[in-house]
Amino acid sequence: MLNEIITQAGTVKNGTRLRILRMQSETMPSRAFPDGIDHQAEQMAGKEGEVTVIDDAGQIHGTWGGLALIPEHDNFEIIP
C-alpha cells in the first residue's frame, strides 16, 4: 500500500476527501460489459468520499462506493 500519490488534482493520501467528476466508463466488451460500457462508473459522477486505501497499483479506494479511482483515467477533485 502507498502512503500518498501525486495526481492531477494534487497530493492524495488516506483521509483526503474527494469528489468524483467523471470515471472512465468505456471498456472492452465482455461478458460483464456486453455493450462495452461500465454503467456503474457512469453513475459515480458527483459522489464524494474519503480515501481509505491507495493500493500498490496507485488506484485510490474510498468511501464513495465500490469502484477505485485510477488517476490516469478518472477525473476528481480534492475537497478542502
T7/I60 under side chain to side chain contact (heavy atoms under 4.5 Å, CB included): CA gap, chis, key distance, verdict: CA-CA 10 Å; T7 72; I60 303 168; 4.3 Å; yes
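- Looking only at distances, a side-chain donor or acceptor of T52 sits under 3.5 Å from a matching main-chain atom of H61.
- Of all non-hydrogen atoms in A68 and M23, the two that sit nearest each other are O-CE, 3.3 Å.
- In this structure, the side chains of D74 and I20 stay at 4.5 Å or more apart for every pair of heavy atoms.
- Atom CG of N3 has 12 or fewer heavy atoms from other residues, nucleotides or ligands within 6.0 Å.
- Side-chain heavy atoms closer than 4.5 Å link hydrophobic residues (I, L, V, M, F, W, Y) into clusters, and following such links, possibly through other members, connects I5 to W64.
- Contact record, E26 with R22: OE2-NH2, 3.2 Å, taken as the closest heavy-atom pair.
- Under the 4.5 Å side-chain heavy-atom criterion for Ile, Leu, Val, Met, Phe, Trp and Tyr, L21 and L69 are members of distinct hydrophobic clusters.
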As a quick check of understanding, evaluate side chain to side chain contact (heavy atoms under 4.5 Å, CB included) for L18 and V51, giving each step before the final call. CA-CA 7 Å; L18 300 178; V51 175; 3.6 Å; yes
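- Here Q40 contributes atom CD and M44 contributes atom CE; the two are 6.5 Å apart, rounded to the nearest 0.5 Å.
- What you find for P29 and P34 is that their closest heavy atoms are CB-O, 3.8 Å.
- Under the 4.5 Å side-chain heavy-atom criterion for grouping Ile, Leu, Val, Met, Phe, Trp and Tyr, L67 is connected to I54 within one hydrophobic cluster.
- Considering only heavy atoms from C-beta on, Q24 stays 4.5 Å or farther from I70 through its side chain.
- Judged by distance alone, with hydrogens and angles left aside, the side-chain atoms of D55 form no donor-acceptor pair with the main-chain N or O of M1 at under 3.5 Å.
- Hydrophobic clustering places L2 together with I78 (ILVMFWY residues linked when any side-chain heavy atoms are closer than 4.5 Å, directly or through intermediates).
- With hydrogens and angles ignored, the 3.5 Å screen pairs a side-chain donor or acceptor of T63 with a backbone N or O of E50.
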Could you walk me through whether Q8 and F76 pass the side chain to side chain contact (heavy atoms under 4.5 Å, CB included) check? CA-CA 9 Å; Q8 82 283 359; F76 56 91; 3.9 Å; yes
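- Separation of atoms CZ (R19) and CD1 (I79) is listed at 4.0 Å; rounding is to 0.5 Å.
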